[in-house]
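One structure below.
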2 protein chains.
Amino acid sequence: MGVTIKDVANLANVAPSTVSRVIADSSRISEKTKQRVRSAMKELGYHPNIIARSLANQTTEAVGLVMPSSADKVFQNPFFPEVLRGISTGAHENKRAIYMSTGETEEEIFAEVVQMVQGRRVDGLILLYSKVDDQVLSYLQEQSVPFVVIGKPFKHSESITFVDNDNFKAGKEATEYLIESGHERIAFIGGSLELVVTIDRLTGYDKAIQKANIPYRDEYVIHEEFLQKGGKEAVCELLSLKERPTALVVADDLMALGVLNTLDEMGISVPEDISIVSFNNVLIAEMARPALTSIDINIFELGYQAVRCLIKQIETPYAVAEQVRVPHKMIKRQSCKTIQMTKR
Amino acid sequence: MGVTIKDVANLANVAPSTVSRVIADSSRISEKTKQRVRSAMKELGYHPNIIARSLANQTTEAVGLVMPSSADKVFQNPFFPEVLRGISTGAHENKRAIYMSTGETEEEIFAEVVQMVQGRRVDGLILLYSKVDDQVLSYLQEQSVPFVVIGKPFKHSESITFVDNDNFKAGKEATEYLIESGHERIAFIGGSLELVVTIDRLTGYDKAIQKANIPYRDEYVIHEEFLQKGGKEAVCELLSLKERPTALVVADDLMALGVLNTLDEMGISVPEDISIVSFNNVLIAEMARPALTSIDINIFELGYQAVRCLIKQIETPYAVAEQVRVPHKMIKRQSCKTIQMTKR
DNA sequence: TTGTACGCGTTATCAT
DNA sequence: ATGATAACGCGTACAA
């Protein structure tokens with residue numbers, strides 16, 4: 001079918017190996033021969049067969065992306081397109097292709113990862129999630145395949161390369177901001193406790209209220225999915241309490257949007273009655289009414305840095321694990337209000 | 001390094017070709033041998049090298065995705081994650097992997113496509129956009145590589161397999177709905193005229209007002225980017241007119257959100273002062289306040305059907321081009337209002 | 001039913 | 001500086 005290295009070799013009157021060297025721009029080939037070979041390549045419309053090259057030199061120039069298991073729901077969250085954009089940019093700068101997992105259940109995804117790795121389809125992988133007891137992660141570790149986690153691994157994080165925000169600090173700052181604004185009845189609406197990001201932000205929240213001598217209340221901490229539906233359900237729970245919170249720390253913008261709309265339906269206004277700080281600062285945070293005060297976690301950079309780390313790992317085997325902290329920043333908008341201090 | 005077909009053959013005391021046949025579950029191998037080989041594979045932890053397989057049988061079991069050139073902006077639109085979800089689901093059902101382009105400029109993307117195709121990295125491609133005079137499309141046609149366009153190709157659409165909505169009809173219906181609600185001063189805010197989808201919806205709009213004997217006004221037709229920023233700019237233009245429109249057909253939910261917020265800032269209320277119908281019905285259409293009346297174009301299905309068509313094309317060479325129309329449906333919400341008829 | 005031998009397109013090693 | 005040849009791991013026509 002296609003034109004191969006042999007065809008080029010014939011036309012240029014050289015050996016196939018010479019053509020190969022010209023492709024690699026080897027310094028041991030005379031400039032004259034290079035010219036001849038190159039014009040032969042052009043004339044024939046030659047393009048190297050990447051598959052054959054991969055087989056010969058055991059490298060693919062491709063990185064694998066492992067999506068979270070609930071792929072159907074996950075794409076609804078703007079986090080993923082944005083992190084994908086960062087990854088895409090990084091991959092492109094490093095001339096790497098992207099290979100995506102398509103599985104939906106955990107088992108399917110695991111099988112795909114094994115395929116990618118053992119099938120030598122990719123040189124390394126990026127995990128777009130981080131959860132407790134992940135078999136994919138264990139597998140990659142024992143195979144010693146280069147990989148990077150976006151988010152902090154639950155265990156052995158010292159020996160794993162990961163890119164993450166300081167979610168503890170972010171959670172703490174969000175909460176402190178509300179405390180400084182005079183709030184004391186502050187609730188936390190987070191995602192699943194299986195996700196390390198939830199744990200970190202919650203711990204930060206905890207630390208902040210503790211530091212301010214505000215008692216921790218179990219009924220003020222709610223866990224739902226990272227979607228607006230989760231936000232809705234959380235609000236219903238919280239508003240049924242005797243002592244309603246005056247402020248909410250919501251672990252995701254999309255959830256916060258659900259919260260916003262539910263509160264609106266119930267005639268509770270933000271920020272007059274309830275203040276909200278959320279996380280991620282995706283587009284909708286700005287577009288919401290009122291616009292949401294949100295912690296910008298620089299999602300693009302998470303993806304971009306993940307690729308950088310991965311390439312580094314691929315190119316320098318036995319490199320030590322690297323931990324990258326992407327800085328966050330609170331973007332203040334209209335969803336928070338200072339209230340009267342109740343004591344002292 | 002890894003364990004190969006030969007290792008398995010040795011352990012099972014058979015020839016490598018026998019192992020290969022067991023993998024393919026050939027009917028010409030005795031059940032007894034199969035068992036023996038399989039247990040050998042298990043014992044050694046064997047996994048086929050997909051790269052080698054690809055080289056041998058000239059197939060990759062992977063499909064390539066070509067993103068639009070302005071990758072940075074494009075991911076902000078919820079259209080893409082959703083179509084990606086459809087593609088991902090379809091690919092998974094067909095046991096195909098996904099390769100994504102990472103280039104940003106048109107030239108980069110073109111080079112990548114050539115790599116994918118000539119490098120035999122993919123068996124076929126899906127174009128996630130459709131624009132006038134696309135060199136990628138021309139290239140794929142002349143190479144006779146299986147490919148599917150999401151959206152309608154501008155030229156030669158009969159000979160190209162594509163998956164699209166009936167955007168003409170959708171544009172017409174949206175406009176007719178407003179006309180039936182008593183509106184006559186109806187503006188159209190669309191994306192770039194380079195995009196076929198814009199052309200189709202605009203033509204539908206045109207047809208509808210023509211049919212209703214409403215004169216076409218140049219100043220009522222505006223083209224901006226498919227983002228909320230575009231929506232904002234469009235509104236400013238329209239509201240500076242002497243005769244302000246009473247209704248808007250906005251070609252994208254995200255733009256509509258921009259429109260909504262801009263109108264809000266200017267103290268113009270929706271739907272009391274201006275009615276809006278938009279397209280795509282992504283999550284934010286529902287979450288916007290007021291919730292947007294939007295034409296649901298079934299984005300997931302666009303992606304899903306695209307994969308189906310592509311696989312079909314890959315598996316049956318020389319198949320005729322197929323055109324799939326994904327049905328749309330208007331979702332009525334709170335952004336439209338019936339107004340007093342002015343004449344007759 | 002199973003084995004032998006060659007080809008897929010490239011790179012790498014060893015000659016020259 | 002260049003050529004011949006052997007891998008890379010698998011599929012398959014042909015032989016047995």
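Letters A, B, ... are given to chains in the order of the sequence lines, protein chains preceding strands, and every chain is numbered from 1.
In terms of phosphate contacts, A:Arg53 brings a side-chain nitrogen or oxygen within less than 4.0 Å of OP1 or OP2 of C:dT11. Close to C:dT2, at under 4.0 Å from its OP1 or OP2, lies a side-chain N or O of B:Thr33. Considering only side-chain N and O atoms, B:Ser30 lies nowhere under 4.0 angstrom from the phosphate OP1 or OP2 of C:dT1. Taking 4.0 angstrom as the limit, A:Ser54 places none of its side-chain polar atoms (N or O) nearer than this to OP1 or OP2 of D:dC8.
Contacts of B:Pro16 with the nucleic acid, taken as non-hydrogen atoms under 4.0 Å apart, are absent. Across all strands, A:Val19 comes closer than 4.0 Å to no nucleic acid atom at all (heavy-atom distances). Here A:Asn13 lies in heavy-atom contact (under 4.0 Å) with sugar-phosphate atoms only.
Looking at A:Arg36 and A:Glu31, no side-chain N of the basic residue comes within less than 4.0 Å of a carboxylate O on the acidic one, giving no salt bridge. Taking the charged nitrogens against the carboxylate oxygens, B:Glu106 and B:Lys131 do have a contact shorter than 4.0 Å, which makes a salt bridge. Ion pairing of B:Glu315 with B:Arg96 is present here, as a side-chain N (NZ or NE/NH1/NH2) and a carboxylate O approach within less than 4.0 Å. By the 4.0 Å N-to-carboxylate-O rule, A:Asp25 lies close enough to A:Arg38 to be salt-bridged with it.
Two residues, A:Arg36 and B:Ser20, neighbour DNA chain D, and the one matched to the more 5' nucleotide by heavy-atom proximity is A:Arg36.
A:Asn57 has its CG atom 12 Å from the P atom of D:dG9, to the nearest Å. Atom CD in B:Gln58 sits roughly 16 Å away from atom P in D:dC10 (whole-Å rounding). A straight line from CD1 of A:Ile5 to C1' of D:dT5 spans 14 Å, rounded to a whole angstrom. Following rounding to the nearest Å, B:Arg28 (CZ) and D:dG11 (P) show an atom-to-atom distance of 14 Å.
Comparing C:dT2, C:dT10, D:dT2 by their nearest atom to the side chain of A:Ile29 picks out D:dT2. The A:Arg21 side chain lies nearest to C:dC14 when the options are D:dG9, C:dT10, C:dC14.
Under 3.5 Å, the side chains of B:Glu93 and B:Tyr304 contain a donor-acceptor pair of N or O atoms.
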